[in-house]
Amino acid sequence: MNRLRIRPRPRPRRRFRPRLHVRALAAAPFVLALGVHLLLLALWYDRLPDPLATHFAAGNGGRADGFTPLAGFAALGSGLLVALGAGWTLFARRAVLWGAWATAGFAGGLLGLVLRDNLDATDPADVTVPLATFTVVAGIAALAALAGRALTGLVPPEPAVSAASDGPDGGSRVPRLELGAGEVAGWSRATGSRGMTALSAVFVLAGAVAPVLAVLVEPWPYALIALVGLAVGVPGLALSRVRVAVDRRGLTVTPAVLHRPRIRIPLDDIVSATVREVDGFAEFGGWGYRTRPHRSALLFRSGEALSVRRANGFEFLVTVPDGETAAALLNTLAARAKEVQRESRSDRETERETERETEREKEAGPGASSAPGVPGERI
Amino acid sequence: MLFRVDPASSVPLGDQIAACVRGALADGTAAPGERLPPARELAESLGVNVHTVLRGYQRLREEGLIELRRGRGAVIVPGAQAPDRAQLVERLHALVAEARRLGLTDEEFLDLARAGLG
């Protein structure tokens, strides 16, 4: 096994630059779309009916069957663009920059075309949005995607992962756990955060109460609150209390209540595991499920975390008590899995060798050799 | 909590699982009030039958080390006494093993225990 051993050295605190370049380029299309949205509203203010036709029947030639006050439409459109923009900016990656542009193009195009179809309408009920509009919107989105794709070239590629970076085999010791030949071992531990649970519960509560207000009082702000509340609260609640398990199948993180979404890293995808200190705010900008280039983490607090280095060089972190035992068992089980793989591979090689020999005897061409399967990435 | 079992051992798997929990509680790696993994999950994890795990949990419950509640799963009994109790039970198991090794029948062992209690 070729594990990189590096002399213990004072670990420099890695500074996480927020990669303004990608972020700025991800935010730009939304700023642009928001500008266009507001500009169109200002330019066409005198020519637009109030309320606007905002919902159209699929059949019936796309006739309007839903209406929103002009001010509401302006606020909602802006809010939508800001929310989408914030999301894309937060999770901006070089490889998916085009997605941000496509999203902005789609949302901005849709808002603009709805306004255009409302132009000079005396009765909003007469407004029609033909299905062709959607092809136009799709076209705008596609063009925006191409623009985003072209802009990707401006961003320098993310630095390759080096084994010398902090994390497993970054100079820290790789713990092992002695295990008998026939012994089966598993490690399991529940962990979570009361703060996260409480916060998510507030969101879920808001998401549950808001629809009632949406029906009783007025639809708009409350329907949005319901949507945001449930969209943030439910996954938040699911991930605020989890069970971390290490066994013959690898590392598994399962939400305690819903059992979904589950994170699993199989043994053959694990290079090494260790325990390291993690500063949630400095490294990941907060707590909860977090992603950064080449690393992802489920953080309930700052401090000791189980750190797993994967075959593709990526790191996965989870803050869990007694991580040392988990890391040790994970290393032992991963080594065992590799041994089994190597054995079966050498078996296969000897098989192939004898095959070849018999073939040589028969003076036939070499048989087709099958490459050992590449372990698929699963998480 | 670390579970390690050896299917080749003469000790029943359920007892091995119970010993893991007892040991963890006795040496402080598991704390009072901690929730044990659901039996089904642990069974899948170790590749053993659910009933084997449940037998182990049942045993721990009889020893007063865990509480089994419907819907809440298995929880180590809360309270500062739990680790000491786990140590006591561990010593008792060692004693039983020693008695068996010496060829004492269960009845003889119980008589001895009763005499010890006075």
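All of these numbers come straight from a predicted model, not from anything done at the bench. Residue numbers begin at 1 in each chain, while the letters A, B, ... track the order of the sequences.
The residue from A/D322, A/L329, A/V246 that alone fulfils the side-chain contact (heavy atoms from CB on, under 4.5 Å) condition with B/L2 is A/L329.
Taking CD of A/E324 as the reference point, atom OG1 of B/T29 lies at 13.0 Å (rounded to 0.5 Å). Taking CZ from A/R248 and OG from B/S45, the interatomic distance works out to 7.0 Å, rounded to the nearest 0.5 Å.
Looking at B/E34, only its side chain comes within 4.5 Å of chain A, counting heavy atoms on both sides. Proximity to chain B (any heavy atom under 4.5 Å) is shown, for A/S188, by both the backbone and the side chain. The part of A/L177 that comes within reach of chain B is its side chain, from C-beta onward, which places non-hydrogen atoms under 4.5 angstrom from that chain. Using a 4.5 Å cut-off between heavy atoms, B/L42 makes no contact with chain A at all.
Residue B/Y57 qualifies as enclosed at atom OH: its count of foreign heavy atoms under 6.0 Å is above 12. Around atom CZ of A/R301, more than 12 heavy atoms belonging to other residues, nucleotides or ligands sit under 6.0 Å away. The number of heavy atoms from other shown groups lying within 6.0 Å of CD (B/E108) is above 12.
When all heavy atoms of A/E178 and B/R4 are compared, the closest pair comes out as O-NH2, 2.7 Å. Minimum heavy-atom separation, A/R249 to B/E41: NH2-O, 4.4 Å.
Between B/P38 and A/R243 the shortest side-chain heavy-atom distance falls below 4.5 Å.
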